[in-house]
Amino acid sequence: MTYDFNSIEEKWQYHWAKNQTFKASNISDKPKYYVLDMFPYPSGAGLHVGHPLGYIASDIYARYKRHKGFNVLHPQGYDSFGLPAEQYAIQTGQHPAVTTEANIKTYRRQLDQIGFSFDWSREVRTSNPEYYKWTQWIFIQLFESWYNYDSNKAEDIKTLISKFEVEGNAKVNSACDENIDPFTAEEWNNYSSEEQQSILLKYRLTYLAETEVNWCPALGTVLANDEIVNGVSERGGHSVVRKKMTQWSMRISAYAERLLQGLDTIDWTDSLKESQRNWIGKSVGASVSFNVNGYDDIIDVFTTRPDTIFGVSFMTLAPEHELVSKITTAEQKEAVEAYIEKTAKRSERDRMADVKTISGVFTGAYAKHPFSKEPIPIWIGDYVLSSYGTGAVMAVPCGDQRDYDFAKYFDIAIPNIFENADISEEAFASKDNVKITNSDFLDGMNYKKASKRVIFELEKLGQGEGKTNYRLRDAVFSRQRYWGEPFPVYYVNDKPQMIDAAHLPIRLPEVEKYLPTEEGEPPLGRADVWAWDTETNTVVSNDKINNTTIHPLELNTMPGWAGSSWYFFRYMEDTINRDNAFATEDALKYWENVDLYIGGSEHATGHLLYSRFWVKLLKDRGFVTVEEPFKKLINQGMILGTSAFVYRVKPNPPHSSGIDYNQADLIKLTNSFPHSVFIPKGLIDSKFGLKLNSKEHLTLKKLYFDWLEKNGFDVSIFQNSAFMLTCAIQPLHVKVQYINASDELDIEALKTDPEFGADYKDAIFISENGDIIEGNNDVYKVGRDVEKMSKSKYNVVSPDSICKDYGADSLRLYEMFLGPLEQYKPWNTAGITGVHNFLKKLWKLYVADTGLKVNNAQPTADNLKTLHKTIKKVQEDIENFSFNTSVSTFMIAVNELTAQKCTSKDILEPLLILISPYAPHIAEELWEQLGNADSISTAYFPIFDASHLVESSKKYPISFNGKMRFTLELPMDMSKDDIEKTVMAHEKTIAQLDGRTPKKVIVVPGKIVNIVG
RNA sequence: GCUGAAGUGGUGGAAUUGGUAGACACGUUGGACUUAAAAUCCAAUGUCCAUUAGGACGUACGGGUUCAAGUCCCGUCUUCAGUACCA
């Protein structure tokens, strides 16, 4: 019997599905364990071999945990709202729901064939109305919440209203918009309902606000930063400007401190926690208010260096700062407006990245220093971002390098307030060893003392206070797109109103086109049936809008991260119980949160931060009991493609002086040279394209000259002159399917390719020794380079073909074998034969041509040693997520047991359990053949017994000055002194020393001997 | 720019707490089997010098600590990712 992986895998995949082998139960005596993958966006291209990497790792872990006696929840679903489906809809007119459904089918088929132990009964899709009903519901909870810093949690907005009714807003300590006017209880009670709504919006955890976006007037839409290349839109190259737009925002900043503190309670990598810490960006300092001369306005700044306040020689506002237009003097108006227009065209990322170009304009206005009362010139500069802090800085050139460069550039004074600091070349930015001088009451103080004093003095003046600032900004939650969750929001007199949760979901309306409207409204502006009837509580036709009972609905949709910020709770609930809650209390209580979460590091500051935010809100409002969604998190790396290149050479027109010929004619002829000639990478000369007068060069030259002659050009004029024929080289991607393990191109396959064959039909390939390849006389070697897998680079490898040719078990093993899970690594299909051969060897260990070989033979000591060192290593590896080394360990075990001719069931049966998380199909099959009725997934993991690994002797490496010269086998229990004596007496030692007396002999028992001298 | 990560043979990678660098594979070369090919099996394979014995060099680069450094410390370079509307 041979290893027929295709039928074995089909058999077991069918078996698992039919018997619901991996269905999780919410009632169990076993301890629970929740393993989750970041769910995929179902793209039209289907899976490539890079996608399942993390899923294989989590599947191994999930299967391992089952062997270890856990009740495992291991679900999967789809993040099925998103831009690509919408782009496709715009191009083809097909409804995104239709293409998404088709894509999901493909994904499911591809995932199924890899043999994952997913509980598909709990699948979720974010674009399903039964799912997004609850995304809308959570949005309403955010709207109905405010953040109370006194209780340090989110509370029902009703508790805020009660406070307002009794005591106004003076004592309210909450996360809210800046600059809210104070009011008394009496004033509050006299406000109109509309005025009250406006005020409450400034406190709600989701609110409407003006935010800046990248607006592309030509496309009539907002663009993401990465849709903008060099300041213009990626599609079409249209200009983009920054523009303010009213959008929903999430007050995530309210949770900044808790998001920061919570990091200490979760088991994530330090690097990931560090990125979140930096993203949250806590800094402690002071806010300082500067009065603007001649106006009532003040400019608030935040500074981490209040101690340097006497070093301020100017202020810089972001060009978008609201005061700029007001305070700019008539003389400066033109320059300021020109500058603002210029910066509106630069993306924020550009502005942050570019620190070399210094630019700015003086507004003509002055602020008053809070202590010295000196006038301070107010500038604008695009190095100040409106979205960070207050959009204004007090510039201290002697203590901040950017301020210093700005001051130098514009010739602004740089007063030195540091004792013994040299600021002739650069700013003195250190906080250590600071001694303040020229600073009135701060003279002689250090950073800490001076900062404290300044804050004290500022508070006395009422011009500032100590303040903690976070870089974390509130998250914009509106998207001007079609394919996302609709908001459960309608507008009465432009004031947003929530639809009662009882009437959810609000389903996406039909539109005839997925583009923005001509007026620049989002695609939902095209819907005809998109108004809310407050009497029937239904969505009705727009023409019924009367603004009394029927009102317009919100036209924006929610962003991609909305649905993914809570999906892990949905899986906890069985599908049948999902109607009345996002998950029942029992389910939430049982599964708590995700024990192991695996996904890409690109989500470090997006998804992973937003999810934590929503979970904290849901906890505050009493819907869940956990503070953090993901206890342990592993980032998997990316599998990159190994692109293949062929190199097309084209002759450059010769250029020779002193000969009479028509150069223009020659160029024309050369450009129409009809042959496609390809040379292998090894023959490329960086200077001339080909090595001059080499064989391949002469081949090209002959073809070229023949062509010239055929067209009536007399080539003899070049024969005797000293001209050089150089060529241009053009590397072209070719499909990696046509490349074998030795980087050789299957020329025939390329020439008959239905897609590109025509381009290569008459191509001439030259081999490494310079000959034209005809038939099988030689091979063409391609060049290789590692790039991201992408359709356009023809380096995409599909798991379908791998499963068909080698089997899912080979794919699973190989993906793990490639290297550490978290690392980026290139895929090269050639290497898969290694693990495939291993599986064949494994099979042969159990099955001979005549049938099963396994018997009840007594295991030998060697058999037991091999088995137990494998148990130990594999268990350690899985627990450390070091899956690549396990695969090597299996190979070593099988090699050893094959050499030992082991047939003992006592060894081979437990070995199958060790391998089953990695290669479940072959393990199940052999397990069954050994006579087991139940699935191997229910078997208990073998117990490691250290007694089988005890060694009596050790092969000591004997080093001289740290260099290993020979090894010596000595008993393990030999004393240090005896080891030294034995080694020193050894003939090889004497030969090495050559009569010298060693200065020192280091003996580390069980490890090494090092002789120095 | 800022933040995070990575650099070891021809290739993917291994190396416990600082203790024999290159496990395990791929590829390559040679051999067995075969009419031949495939499959399978065996052997060699970091680079350089040497007939052998053996030696020198070697973990991105430059320093340092140590009996001993891929591993620890300082500095430099290169590559990748994120940078708030791709998911």
Side-chain angles (χ1 to χ4, degrees), chain A residues 38-41 43 79 81-84 87 213-214 221-228 247 269-272 274-275 277-279 281 348-356 383 387 402 471-481 559-561 564 600-607 609-610 635 637-638 640 642 741-743 784 786 788 814 817-820 822-828 830-835 837-838 840 844 876 882 884-885 887-892 895 955-967 998-1002 1004 1006-1013:
Chain A
M38 290 186 189
F39 61 168
Y41 173 79
S43 84
D79 190 10
F81 273 133
L83 261 188
Q87 278 308 331
V213 295
N214 300 311
T221 188
V222 175
L223 298 178
N225 274 331
D226 59 47
E227 290 177 290
I228 304 167
Q247 304 195 87
T269 58
D270 287 337
S271 64
L272 184 54
E274 197 58 23
S275 339
R277 279 193 196 103
N278 288 320
W279 189 260
E348 204 165 88
R349 199 182 296 178
D350 264 1
R351 282 165 63 176
M352 280 190 288
D354 183 11
V355 292
K356 288 186 188 113
Y383 75 97
S387 52
R402 275 181 315 181
R471 201 177 72 101
L472 181 70
R473 317 205 284 246
D474 282 348
V476 180
F477 198 67
S478 298
R479 297 291 182 271
Q480 292 70 44
R481 314 279 188 192
W561 56 268
S564 59
S601 59
E602 65 274 21
H603 299 285
T605 50
H607 166 58
L609 205 58
Y610 297 133
N635 284 133
M638 197 187 287
L640 305 166
T642 311
S742 314
D743 290 348
R784 307 225 76 166
V786 173
K788 236 184 187 167
Y814 187 50
F817 187 63
L818 278 177
E822 17 2 301
Q823 235 166 63
Y824 281 63
K825 57 229 156 191
W827 175 272
N828 194 340
I832 202 170
T833 53
V835 293
N837 282 339
F838 156 73
K840 286 201 259 186
K844 279 203 239 168
E876 280 168 6
S882 172
N884 55 324
T885 47
V887 182
S888 303
T889 305
F890 292 139
M891 289 175 173
I892 293 167
N895 288 346
K955 223 167 137 191
Y956 278 90
I958 313 299
S959 309
F960 292 79
N961 297 320
K963 278 184 187 145
M964 203 279 289
R965 293 303 173 188
F966 62 92
T967 57
K999 287 196 195 106
K1000 208 179 193 182
V1001 179
I1002 312 247
V1004 184
K1007 280 254 163 82
I1008 198 169
V1009 177
N1010 190 17
I1011 297 159
V1012 186

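Numbers restart at 1 for each chain; the letters A, B, ... are given by sequence-line order, proteins then strands.
Ring geometry, A:F960 versus A:F966: the interplanar angle falls from 30° to 60°, so the pair is classed tilted. Using cut-offs of 30° and 60° on the angle between ring planes, the pair A:F838 and A:F890 is parallel. In this pair, A:H603 and A:H607 present their aromatic rings perpendicular. The plane angle is above 60°, beyond the 30 to 60° band.
A:V1004 comes within 4.0 angstrom of a nucleotide base, judged by non-hydrogen atoms across all strands.
Residues A:G560 and A:D79 share a closest heavy-atom pair of O-OD1, 4.1 Å.
The CD1 atom of A:I958 sits 12 Å away from the C1' atom of B:G19 (whole-angstrom rounding).
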Between protein and nucleic acid, restricted to nucleotides 52-54 of chain B and to nitrogen or oxygen atoms under 3.5 Å apart, what atom pairs and distances do you find?
none

Check the interface with nucleotides 39-41 of chain B: list each N/O to N/O pair with the protein under 3.5 Å, or write none.
unit_1, atom_1, unit_2, atom_2, d
B:U40, OP1, A:N837, OD1, 2.9
B:U40, OP1, A:K840, NZ, 3.4

Polar pairs (N or O, both sides) under 3.5 Å between protein and nucleotides 11-14 of chain B?
unit_1, atom_1, unit_2, atom_2, d
B:G12, O2', A:L818, O, 2.5
B:G13, O5', A:L818, O, 3.3
B:G13, O3', A:N884, ND2, 3.4
B:A14, OP1, A:N884, ND2, 2.7

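Taking the side chain of A:Y41 as heavy atoms from C-beta on, and the options B:C67, B:A87, B:A84, the nearest nucleotide is B:A87.
Contact of the A:F81 side chain with the A:P559 side chain is not registered, since no non-hydrogen atoms from C-beta on lie closer than 4.5 Å.
The base of B:C86 is not paired with the side chain of A:Q87 by any donor and acceptor separated by under 3.5 Å.
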